[in-house]
Amino acid sequence: MPNLIDGRAIAEKVYVDLRREIAELKAKGVTPGLAVVLVGDDPASRAYVRSKEKMCRELGLHSLKLELPASATQTELLNRVEELNADSNVHGILVQSPPPPHIDEAAIVRALDPRKDVDGFHPENVAKLVLDDPGGFVPCTPLGVQRLLIESKININGAHVVVLGRSMIVGKPLALLLTVTVLHSRSRDLAEITRSADIIIAAIGRAGFVTADHVREGAVVVDVGINRVEDAASQRGYRLVGDVAFDEVSEKASALTPVPGGIGPMTIAMLMSNTVKAAWQSLGKPT
């Protein structure tokens with residue numbers, strides 16, 4: 001069996017540091033505040049929002065949840081975003097993705113105050129990532145992957161890293177954080193390229209896509225995927241699996257993240273970290 005990388009344990013290390021910073025901020029009269037806007041009734045989105053609310057409570061952050069019906073208009077959502085932009089008690093704003101189809105998500109992201117865009121998707125924060133400006137916010141999942149690799153003592157300097165998936169949420173930001181080869185599901189000679197990788201990061205959104213044939217002996221495999229597959233034996237009727245065929249890949253990888261319990265906890269930890277960072281910046285503290 002490979003070394004299983006415990007994302008929950010590493011997230012707890014992040015929270016130790018954050019609790020100290022939050023106490024320092026509160027001593028200065030500032031409680032970091034995170035607002036989450038949920039449009040519609042998507043079950044997965046609700047589950048993610050509950051996890052974020054729970055962690056805000058545990059850390060002692062000011063937490064605000066705004067729920068809008070699926071019928072909410074673009075204008076109504078933009079108005080809520082503007083109200084949060086103007087709220088001095090809110091340091092971070094997250095509009096849960098995906099919104100209903102009639103909502104222009106890109107326009108909502110552009111409407112966010114980039115100083116409160118703790119998801120890191122505003123064009124200004126993307127530009128700061130490209131320019132290596134530490135004052136911006138890096139998307140939470142890529143930041144979590146980077147932190148997880150560093151905390152696990154996995155050498156990323158000079159390593160051949162292959163990222164499967166080219167989304168703005170994971171693949172493209174990771175290409176800026178690490179020196180990587182970015183592939184997608186239709187890339188030519190995909191398995192041949194991944195077999196040359198020291199580290200494979202799977203974020204392609206297809207259950208079990210990465211098989212043993214994609215992985216060389218001793219590689220590190222980070223599974224970002226979260227997919228529901230039917231499971232009659234489960235009380236819920238489904239189970240969560242990643243983009244990696246865990247059982248067969250575990251026979252070849254030297255280290256592997258589980259799903260759940262790998263990158264998921266790190267994503268939430270980085271959201272909390274970005275919110276605390278935004279609170280410090282509201283006081284004028286340089287990054």
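Note that this is a predicted model, so its numbers are computed, not measured. Only heavy atoms go into these numbers, but all of them, side chains included; no hydrogens, no water, no symmetry mates.
By the side chain to side chain contact (heavy atoms under 4.5 Å, CB included) test, L78 is found to be paired with Q74, I108, A111, residues two or more places apart in sequence or in another chain being considered. Every residue meeting the salt bridge (Lys or Arg N to Asp or Glu O under 4.0 Å) condition with R216, not counting sequence neighbours, appears here in chain and number order: D198. Here E124 pairs with K128 under the salt bridge (Lys or Arg N to Asp or Glu O under 4.0 Å) rule; sequence neighbours left out. Listed by chain and number, the residues in a side chain to side chain contact (heavy atoms under 4.5 Å, CB included) with R186 are H184 (sequence neighbours excluded). Partners of E82 by salt bridge (Lys or Arg N to Asp or Glu O under 4.0 Å), not counting sequence neighbours: none found. Residues passing the salt bridge (Lys or Arg N to Asp or Glu O under 4.0 Å) test with E76, sequence neighbours excluded: none. For the ring-ring contact (aromatic ring centres under 6.0 Å, His included) test, no residue two or more places apart in sequence or in another chain qualifies with Y48. Applying the side-chain hydrogen bond (donor to acceptor under 3.5 Å, both in side chains) criterion to K54, with sequence neighbours excluded, gives E58.
With F246 as the fixed residue, the side-chain contact (heavy atoms from CB on, under 4.5 Å) test singles out one of V259, V241, L4: L4.
Salt-bridge formation is not detected for the pair K285/E21: no Lys NZ or Arg NE/NH1/NH2 atom is positioned less than 4.0 Å from an Asp or Glu carboxylate oxygen. Ion pairing of R8 with D6 is absent here, as no side-chain N (NZ or NE/NH1/NH2) approaches a carboxylate O to less than 4.0 Å. Ion pair E83/R80 flagged as a salt bridge, since at least one NZ, NE, NH1 or NH2 atom sits closer than 4.0 Å to an Asp/Glu carboxylate oxygen.
A pairwise comparison of heavy atoms in L38 and S45 identifies CD1-CB, 3.7 Å as the closest pair. Between A11 and P265, the shortest heavy-atom distance links the atoms CB-O, 3.8 Å. Listed here is the closest heavy atom pair of T31 and G60: CG2-O, 3.7 Å. Closest approach of V39 and P69 over heavy atoms only: CG1-O, 3.6 Å. For the residue pair L240 and Y238, the shortest heavy atom distance occurs at CD2-CE1, 4.2 Å. When all heavy atoms of D113 and N85 are compared, the closest pair comes out as N-OD1, 3.0 Å.
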>> Using the rule given for side-chain contact (heavy atoms from CB on, under 4.5 Å), can you reason through V109 versus V95, listing the C-alpha separation, both sets of side-chain angles and the distance that settles it, and then say yes or no?
In response: CA-CA 8 Å; V109 169; V95 180; over 6 Å; no

> Is there a ring pair (Phe, Tyr, Trp, His ring centres under 6.0 Å) between H122 and F137 once you walk through the steps?
Replying inline: CA-CA 9 Å; H122 189 282; F137 295 102; over 10 Å; no

> Should I199 and V221 be marked as a side-chain contact (heavy atoms from CB on, under 4.5 Å) after you check the CA-CA gap, both sets of side-chain angles, and the distance that decides it?
Replying inline: CA-CA 6 Å; I199 302 170; V221 181; over 6 Å; no

>> Does V180 form a side-chain contact (heavy atoms from CB on, under 4.5 Å) with V162? I'd like the steps, not just the answer.
In response: CA-CA 5 Å; V180 305; V162 171; over 6 Å; no

> After noting the C-alpha distance and the side-chain angles of E67 and R46, does the key distance pass the side-chain contact (heavy atoms from CB on, under 4.5 Å) rule?
Replying inline: CA-CA 10 Å; E67 296 187 68; R46 284 197 170 278; 2.7 Å; yes

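For residues 87-107, the set of pairs meeting the side-chain hydrogen bond (donor to acceptor under 3.5 Å, both in side chains) definition, not counting sequence neighbours, comprises K52-Q96, S97-E105. Screening residues 138-162 for side-chain hydrogen bond (donor to acceptor under 3.5 Å, both in side chains), with sequence neighbours left out, gives K13-E151, T141-T267, R147-E151, H160-T181, H160-S196. Applying the side-chain hydrogen bond (donor to acceptor under 3.5 Å, both in side chains) test to pairs two or more places apart or on separate chains, those with a residue in residues 217-227 are N227-D243.
Of the possible polar contacts, none joining the S234 side chain to the D231 backbone as a donor-acceptor pair under 3.5 Å is found. Using modelled atom types, no side-chain atom of E230 and backbone atom of G237 make a donor-acceptor pair closer than 3.5 Å. Within the 3.5 Å criterion, the main-chain N or O of M270 finds no donor-acceptor partner in the side chain of S273. No donor-acceptor distance shorter than 3.5 angstrom exists from the side chain of K116 to the backbone of A278, with no hydrogens or angles considered. Checked by atom type and distance alone, the side chain of K65 never pairs as donor or acceptor with a backbone atom of V36 at under 3.5 Å. The backbone N or O of H214 sits less than 3.5 Å from a side-chain atom of T194, completing a donor-acceptor pair. A donor-acceptor pair is defined here as one N or O able to donate and one able to accept, closer than 3.5 Å; such a pair exists between the side chain of S254 and the backbone of G218. N274 places a side-chain N or O within 3.5 Å of a backbone atom of V118 that can act as its donor or acceptor partner.
Counting only heavy atoms from C-beta outward, the side chains of V215 and I200 approach each other to under 4.5 Å. Residues L34 and L64 have side chains not in contact (no heavy-atom distance under 4.5 Å, counting atoms from C-beta outward).
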Can you give me every donor-acceptor pair (side chain of residues 163-179, partner residue at least two apart or in another chain, under 3.5 Å) with its distance?
from, atom 1, to, atom 2, distance (Å)
S167, OG, I169, N, 3.3
S167, OG, V170, N, 3.1

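Linking Ile, Leu, Val, Met, Phe, Trp and Tyr residues whenever their side-chain heavy atoms come within less than 4.5 Å leaves V224 and V229 in two separate clusters.
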